[in-house]
Engineer: 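Next up is a structure, given as structure tokens.
Atom set for the values below is all heavy atoms of this structure, side chains included, hydrogens, waters and symmetry mates excluded. Chain letters run A, B, ... following the sequence lines, proteins first and then strands; every chain starts at 1.
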Amino acid sequence: MESTTAPVKPQFSPAAQAEIARLFTHYPAERRKSALLPLLHIAQAEFGGWVSPEVQDLVAETIGILPIEVYEVSSFYTMFNLKPVGKHVLEICRTGPCMLRGSDELTAQLERITGAKVGGTSPDGLFTLKEVECLAACGTAPIVQVREKYYEQLDTPEAVDAMLNELRNLVHRPLLPWEETGLAHSQQ
Amino acid sequence: MGRKLLTEHINVPGIDTFEVYRKHGGYRSVEKALKTMTPDEVVEEVKKSGLRGRGGAGFPTGMKWSFLAKPEGVPRHLVCNADESEPGTFKDRHLMSKLPHLLIEGMITSSYALGANTSYIYIRGELLYVLRILEKAIAEAYANGFLGKNILGSGYDLDLHVHPGGGAYICGEETALLESLEGKRGNPRNKPPFPAVQGLYARPTVVNNVESIAAVVPIVNDGGEEYAKLGVGKSTGTKLISACGHLNKPGIYEIELGVPVEEFIYSDEYCGGIWKGRDLKAVVAGGSSVPILPKELILKTAAGENRLMTYESLSDGGFVTGTMLGSGGFIAMDETTCIVRNTWSFSRFYHHESCGQCSPCREGTGWLEKVLHRLEHGHGHMHDIDLLVSVAKQIEGNTICPLGEAAAWPVAAAVRHFRHEFEWHVTNPAEATRPGAYYSSKAAVAV
């Protein structure tokens, strides 16, 4: 973001374009706007874990709607990051059932280990911490979601270390939504 | 051991594949319905079953189906509400990820009953990994002739798609869900018109919870009357309970409605008692929006009868001494739980999730959170306690959708049953704000 030259207009990769074409077939032709949330998920995965105004404009253009129709939606739903994020966004559930099983302690622990504060990114750029509301995994609380994976029962230092180490060792780029991660998604 | 209608085969290896699911009797309801029944006959069986919406409201599913308008030449839709977001509830995630074909089978049979040719599963965006599981299973169903054109040679066509949300509790409200499915912000619609008349794309639409649609499978297979034999009174069949909080064995339990609450909490067949050998303090029995009850009132009604896991028994006593079965999100709290802190957490949730279009909810949830925050953090006044009750009352009934009530009820109930804890926070701020502090009726202060 330091560059002062005009940003290069983003483009979807061929794989993403194919996925988008498939999604458009799910809705009536005159109701293509229905594909907005799925497209925002694809865009966020393609362009570094957040949706910049330029990326949102691309989504609008792809669907054939006004940019404002994208902005008002992306700002309503909590999953879309409107600012740059670290390599891994740790979404920590803070709601009642997780709180009962130690989510406050988990958040404090993650802040201490990563050096990031909730809402911010660690100095090494690896981890962004984000508090979220109920992720529907209360039976295995406390939990953290990282992209498409749920890390559950994070109530011991060992479990937290295992999660962070797994993420640190993921050297490749964040996976696109339709790609197999090869990681178990959930313990349940 | 109660009968399991939905989860009997959930632990069979490979049950998430078409082949194994089919080997265990899968897709029989589709064959039966499409080959031997008219759509109205399927609706009739669901009515006879007494099935009540499993998402939380408990409205009779068959009756909801019968409200669907059927204007000539206008497509109709079935939309599955898989936006499971009610704190304490995690049954649908479990069911969909383990038994994707059960939901798909239920969607086909139900869509046939309603005359829908394009149906959607709206799944919360956080569950993208479950969306992949469902999409894989849907592809298998297409490949085996259970989706697409002319299913099983019956002349009935159905396309089924999964659609992700973007992280918004409010989209569990059916009209907000439809707005979201149309690519908009999740603002609930004014009703009427109800979705049965003007739903998705202004077409007649039924929105049903995942578990309700899954229950249609055993109802069609065995008949509505057989289903209704299970359970007690108007609480028929089985229900998935998401048990969480301070239990020895949190998890998903499919129970026959009518199990005593005490047995559900303490028996080894279910939750195995309270963790760490502690005593139970309170339970939120049906997801975070239902009234919290202290131990005495969750185990027995005010009249001293055993409380049962049914719609009627849990609501016995109204909101004065009762609660609701709701979504079946069963949150148990041990004796060391701070009720004020827990209530504050729930209020923060509802404030965060209010869509903001009705001022009583937008402003009221903010006030509830703010007042609870200052009580919990030692800055509260005695009159704040009545202020909470007053704000809750002013939200209730004054909003387009039930999020207002969902935010108001837990606060009103917490004050109703645990006023002494709120007062203790005001009179003993230093003790109350110590990390790990909680109020116990046995000792005035305990840490």
Engineer: Does the pair His26(A) and His163(B) meet the rule for a side chain to side chain contact (heavy atoms under 4.5 Å, CB included), with working shown?
Structural biologist: CA-CA 9 Å; His26(A) 291 182; His163(B) 180 102; over 6 Å; no

Engineer: Looking at His352(B) and Thr78(A), what are the two nearest heavy atoms and their distance?
Structural biologist: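 Heavy-atom minimum between the residues: CE1-CG2, 3.6 Å.
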
Engineer: Of all of Pro97(A), Cys138(A), Ala141(A), Pro38(A), which one pairs up most often with chain B through heavy atoms under 4.5 Å apart?
Structural biologist: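 Most heavy-atom pairs within the cutoff with chain B belong to Cys138(A).
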
Engineer: Which one of Val70(A), Leu36(A), Leu37(A) has the most heavy-atom pairs closer than 4.5 Å to chain B?
Structural biologist: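 Going by pairs under 4.5 Å, I would pick Leu37(A).
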
Engineer: Rounded to the nearest 0.5 Å, what separation is found between the CD atom of Glu126(B) and the CE atom of Met79(A)?
Structural biologist: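 Spacing of CD (Glu126(B)) from CE (Met79(A)) equals 5.0 Å.
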
Engineer: Counting neighbours of NZ on Lys149(B) that are heavy atoms of other residues, nucleotides or ligands and sit closer than 6.0 Å, is the number greater than 12?
Structural biologist: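 Open.
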
Engineer: With chain A as the partner, which of Ser180(B), Gly186(B), Cys338(B) has the greatest number of non-hydrogen pairs under 4.5 Å?
Structural biologist: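 When all of Ser180(B), Gly186(B), Cys338(B) are compared, Gly186(B) has the most.
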
Engineer: How many angstroms lie between NE2 in His161(B) and OH in Tyr27(A), if you round to the nearest 0.5 Å?
Structural biologist: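 The NE2 atom of His161(B) sits 8.0 Å away from the OH atom of Tyr27(A).
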
Engineer: So which of Gln145(A), Glu91(A), Arg101(A) has the biggest tally of heavy-atom pairs under 4.5 Å with chain B?
Structural biologist: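 Winner by heavy-atom pair count: Arg101(A).
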
Engineer: Just give me the residue among Glu86(B), Lys91(B), Arg185(B) that pairs up with chain A most often, heavy atom to heavy atom, under 4.5 Å.
Structural biologist: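 Most heavy-atom pairs within the cutoff with chain A belong to Arg185(B).
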
Engineer: Once you round to the nearest 0.5 Å, how far does CZ of Phe349(B) lie from SG of Cys134(A)?
Structural biologist: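 Result: 6.5 Å between the selected atoms.
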
Engineer: List the atom of Arg124(B), the atom of Glu133(A), and the distance in Å for their closest heavy-atom pair.
Structural biologist: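 The pair with the smallest heavy-atom distance is NH2-O, 4.3 Å.
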
Engineer: With chain B as the partner, which of Glu69(A), Arg94(A), Lys33(A) has the greatest number of non-hydrogen pairs under 4.5 Å?
Structural biologist: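 Of the options given, most contacts go to Arg94(A).
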
Engineer: Identify the heavy atoms of Arg93(B) and Thr140(A) that sit nearest to each other, and give their distance.
Structural biologist: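 For Arg93(B) versus Thr140(A), the nearest heavy atoms are NH2-OG1, 4.2 Å.
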
Engineer: Quick one: closest heavy-atom pair of Gly96(A) and Phe346(B), and the distance?
Structural biologist: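 It is CA-CE2, 3.7 Å.
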
Engineer: Which answer fits Thr336(B), side chain, backbone, both or neither, if we ask what part of it has an atom under 4.5 Å from a heavy atom of chain A?
Structural biologist: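 Neither; nothing under 4.5 Å.
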
Engineer: List, one per line, each side-chain donor-acceptor pair under 3.5 Å for residues 109-116 of chain A, sequence neighbours excluded.
Structural biologist:
{"residue": "Glu111(A)", "atom": "OE2", "partner": "Val118(A)", "partner atom": "N", "Å": "2.9"}
{"residue": "Thr114(A)", "atom": "OG1", "partner": "Leu110(A)", "partner atom": "O", "Å": "2.7"}
{"residue": "Thr114(A)", "atom": "OG1", "partner": "Ala116(A)", "partner atom": "N", "Å": "3.1"}

Engineer: Are any of the side-chain heavy atoms of Tyr201(B) and Ser34(A) separated by less than 4.5 Å?
Structural biologist: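 Touching, per the 4.5 Å side-chain cut-off.
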
Engineer: Could you look at Ser288(B) and say if it's the side chain, the backbone, both or neither that has a heavy atom under 4.5 Å from chain A?
Structural biologist: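 For Ser288(B), no heavy atom lies under 4.5 Å from chain A.
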
Engineer: Heavy atoms only, distances under 4.5 angstrom: which of Arg348(B), Arg341(B), Glu135(B) has the most pairs with chain A? Name it, please.
Structural biologist: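 Looking at each of Arg348(B), Arg341(B), Glu135(B) in turn, Arg348(B) comes out on top.
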
Engineer: Can you name the side-chain hydrogen bond (donor to acceptor under 3.5 Å, both in side chains) partners of His351(B), sequence neighbours left out?
Structural biologist: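 For His351(B) the side-chain hydrogen bond (donor to acceptor under 3.5 Å, both in side chains) partners, ignoring immediate neighbours, are Glu369(B).
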
Engineer: Quick one: of Pro164(B), Gly183(B), Gly167(B), Gly166(B), who has the most non-hydrogen atom pairs under 4.5 Å with chain A?
Structural biologist: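 Among the listed options, the one with the most contacts to chain A is Gly166(B).
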
Engineer: Report yes or no: does Ser345(B) contribute a side-chain atom to a donor-acceptor pair with the main-chain N or O of Thr95(A) at less than 3.5 Å?
Structural biologist: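 The answer is no, because no donor-acceptor pair under 3.5 Å joins these two groups.
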
Engineer: Against chain A, label Cys355(B) side chain, backbone, both or neither, depending on which of its atoms sit under 4.5 Å from a heavy atom there.
Structural biologist: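 For Cys355(B), heavy atoms of backbone and side chain both lie under 4.5 Å from chain A.
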
Engineer: Side chain, backbone, both or neither: which part of Ser242(B) has a non-hydrogen atom closer than 4.5 Å to chain A?
Structural biologist: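 Contact with chain A: none, neither part.
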
Engineer: Which pair of heavy atoms, one from Pro28(A) and one from Tyr120(B), lies closest together, and at what distance?
Structural biologist: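 Here Pro28(A) and Tyr120(B) meet closest at CD-OH, 4.1 Å.
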
Engineer: For Glu148(A), does its backbone N or O pair with a side-chain atom of Arg132(B) as donor and acceptor, under 3.5 Å?
Structural biologist: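 Side chain of Arg132(B) to backbone of Glu148(A), a donor-acceptor pair under 3.5 Å: no, none is there.
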
Engineer: With a 4.5 angstrom heavy-atom cut-off, is it the side chain or the backbone of Glu30(A) that approaches chain B, or both, or neither?
Structural biologist: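 When you check distances to chain B, only side chain atoms of Glu30(A) fall under 4.5 Å.
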
Engineer: Minimum heavy-atom separation for Ala137(A) and Phe90(B), please, with both atom names.
Structural biologist: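 Smallest heavy-atom distance, with atoms named: N-CB, 4.0 Å.
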
Engineer: Leu131(B) versus chain A, heavy atoms under 4.5 Å apart: side chain, backbone, both or neither?
Structural biologist: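 Nothing of Leu131(B), per the 4.5 Å heavy-atom cut-off to chain A.
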
Engineer: Which atoms of Glu72(A) are under 4.5 Å from chain B, going by heavy atoms: the side chain, the backbone, both sets, or neither?
Structural biologist: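 When you check distances to chain B, atoms from both the backbone and side chain of Glu72(A) fall under 4.5 Å.
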
